[in-house]
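A short worksheet on the structure shown next.
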Protein chains: 2
Amino acid sequence: MENIPSIKPTESELEILQILWQLGKATVRQVNDELSKFKEVGYTTTLKLMQIMHEKHILSRTEEGRYHLYQAEIGEEQTQQLLLGKFVDATFRGSAMKLVMQALGNQDVSLDELDEIKKLIAEKEKNLNL
Amino acid sequence: MENIPSIKPTESELEILQILWQLGKATVRQVNDELSKFKEVGYTTTLKLMQIMHEKHILSRTEEGRYHLYQAEIGEEQTQQLLLGKFVDATFRGSAMKLVMQALGNQDVSLDELDEIKKLIAEKEKNLNL
DNA sequence: ATTTATCTACGAAAATATTCGTAATAAAAT
DNA sequence: ATTTTATTACGAATATTTTCGTAGATAAAT
């Protein structure tokens, strides 16, 4: 880990990353099984994608006997941060504020979660006031 | 307007939409000039894209003498909402909460803006408590 | 009136992303 | 031992997105 991602994973790559962030290490078969739960995808398609991701150093892999164990080389939060920045720029013209307002306004967020957000805001305000 | 967007504009299309949302109506030349401020792009490239967007009913156009005036057919907030939903799913596994936390934590948000967000949260809580 | 500049239409090239077929290999099952 | 199954490697086909060259038309400039 610890390779600041500067290139954006594609959508398919992100799907695979999500699975690997959850599983830690996994074989192509495992990843493909997970993918198959929500989309039709051939085994060799997944394989090829993971090989490409390996070439790009998005994934590392170790040989375990006959097969390969793959692992994400870029961190989840790190990647989310990168994608979030680009998304804010492209979709909200750089205004994180607008994005947050829309997300709070229209996506599902529970009371407890709102509380957590309030805490975070309080923290932030404290820091900004220094 | 009033055509709920279900297809996602591509990145280039979104760039053009951003400009048209700002300008209202505009010619290809105007849009291309705006685009040129932050990226190299040939006139015919922009033209072609806008023609394609017109075919897809993302843009409407009226003929004014020799040239065309284009206008966004899908609303800004509507589109942001659509893209936000997909983005939350793809990047934050559906958790708007996580997205908001990350956005507040790491993107630039001012004190005033935090205040606004607090107000929105208070509103939301009121509604949820009913 | 001719030339120059500007616009649209169109097709196709280039770049990028996704999918999959086939072959080689090795393990597992019969 | 042979067959079946599962795996990787590889190349190429397909699909999608982006870019741009060329041609035709019309207005503007000379």
Side-chain angles (χ1 to χ4, degrees), chain A residues 5-20 23 25-71 79 83 86-87 90-91, chain B residues 5-20 23 25-71 79 83 86-87 90-91:
Chain A
S6 44
I7 38 106
K8 205 161 103 140
T10 67
E11 288 198 13
S12 303
E13 288 175 345
L14 189 56
E15 286 175 350
I16 288 173
L17 282 171
Q18 294 289 5
I19 291 168
L20 284 174
L23 298 183
K25 293 183 177 184
T27 62
V28 175
R29 175 63 58 195
Q30 284 177 289
V31 171
N32 187 248
D33 283 350
E34 289 301 316
L35 283 179
S36 300
K37 287 179 183 169
F38 62 93
K39 71 186 282 203
E40 281 241 336
V41 57
Y43 175 85
T44 54
T45 300
T46 304
L47 170 67
K48 182 67 171 186
L49 265 171
M50 289 175 72
Q51 284 172 343
I52 290 171
M53 291 169 80
H54 179 240
E55 276 171 26
K56 290 190 200 169
H57 305 292
I58 292 177
L59 303 183
S60 64
R61 75 182 181 194
T62 56
E63 305 207 4
E64 294 289 331
R66 177 153 72 105
Y67 49 86
H68 292 156
L69 271 184
Y70 287 85
Q71 184 171 23
T79 304
L83 294 179
K86 290 194 190 276
F87 181 72
T91 308
Chain B
S6 45
I7 38 106
K8 207 162 103 139
T10 68
E11 287 197 14
S12 304
E13 287 175 345
L14 189 56
E15 286 174 351
I16 289 173
L17 282 171
Q18 294 290 5
I19 291 168
L20 285 175
L23 298 183
K25 293 182 178 187
T27 62
V28 175
R29 174 63 57 194
Q30 285 177 289
V31 170
N32 188 249
D33 284 350
E34 289 300 317
L35 283 177
S36 300
K37 288 179 182 169
F38 63 93
K39 72 185 286 203
E40 281 239 337
V41 58
Y43 176 85
T44 54
T45 301
T46 304
L47 170 67
K48 182 66 171 186
L49 266 170
M50 289 175 72
Q51 284 172 344
I52 290 171
M53 291 168 79
H54 179 240
E55 275 171 27
K56 291 190 199 170
H57 305 291
I58 292 176
L59 304 183
S60 63
R61 75 182 182 196
T62 56
E63 306 206 5
E64 294 290 329
R66 178 153 71 106
Y67 49 85
H68 291 154
L69 272 184
Y70 287 84
Q71 184 172 24
T79 304
L83 294 179
K86 290 193 189 279
F87 181 72
T91 307

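Hydrogens, waters and symmetry mates are skipped; everything else that's a heavy atom, side chains included, is used. In what follows, chains carry the letters A, B, and so on, assigned in the order in which the sequence lines appear, proteins first and then strands, with residues in each chain numbered from 1. Keep in mind that what you see is a predicted model, and the values were worked out from it rather than measured.
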> Rounded to whole angstrom units, what separation is found between the CG atom of B:Leu47 and the P atom of C:dA12?
Replying inline: 17 Å
> Between D:dT7 atom C1' and A:Gln51 atom CD, what is the distance in whole Å?
Replying inline: 11 Å
> Over how many whole Å does the gap from B:His68 atom NE2 to C:dT8 atom P extend?
Replying inline: 6 Å
> Reckon B:Thr45 has a side-chain N or O less than 4.0 Å from the OP1 or OP2 of D:dT18?
Replying inline: no
> Expressed in angstrom and rounded to an integer, what is the separation of A:Leu35 atom CG from C:dC20 atom P?
Replying inline: 13 Å
> Could you state the CG-C1' distance from B:Leu49 to C:dA13, rounded to the nearest angstrom?
Replying inline: 15 Å
> So which of A:Arg61, A:Met53, A:Gln30 actually passes side-chain contact (heavy atoms from CB on, under 4.5 Å) with A:Tyr70?
Replying inline: A:Arg61
> C:dT18 P sits how many Å from A:Leu14 CG, rounded?
Replying inline: 11 Å
> Does a side-chain N or O from B:Arg61 land closer than 4.0 Å to OP1 or OP2 of C:dA9, or not?
Replying inline: yes
>> Once rounded to the nearest 0.5 Å, what's the spacing between atom CG of A:Leu59 and atom CG of A:Leu17?
In response: 6.0 Å
>> At less than 4.0 Å, is any side-chain N or O atom of B:Thr10 found next to OP1 or OP2 of D:dT18? Yes or no.
In response: yes
>> On a heavy-atom basis, which atom in B:Asn32 and which in B:Gly42 lie closest, and how many Å separate them?
In response: ND2-O, 3.5 Å
> So, is B:Arg29 near the phosphate of C:dC7, with a side-chain N or O under 4.0 Å from OP1 or OP2?
Replying inline: yes
>> Let's see if you can work this out: which of C:dA12, C:dT19, D:dT18 has an atom nearest to the side-chain heavy atoms of B:Lys48?
In response: C:dA12
> About how many Å separate NZ of A:Lys39 and OG1 of A:Thr45, when rounded to the nearest 0.5 Å?
Replying inline: 8.5 Å
>> If you only use heavy atoms from C-beta on, which nucleotide in C:dC7, D:dT8, C:dA12 is closest to the side chain of B:Tyr43?
In response: C:dC7
> Can B:Glu11 and A:Lys8 be said to form a salt bridge (charged side-chain N to carboxylate O under 4.0 Å, His left out), step by step?
Replying inline: CA-CA 13 Å; B:Glu11 287 197 14; A:Lys8 205 161 103 140; 2.8 Å; yes
> Can you check the B:Glu63 CD to D:dA27 C1' distance for me, whole Å?
Replying inline: 15 Å
> Tell me: CD of A:Glu13 to P of C:dT18, nearest whole Å?
Replying inline: 7 Å
> Base, sugar-phosphate, or nothing for B:Ser12, non-hydrogen atoms under 4.0 angstrom?
Replying inline: sugar-phosphate
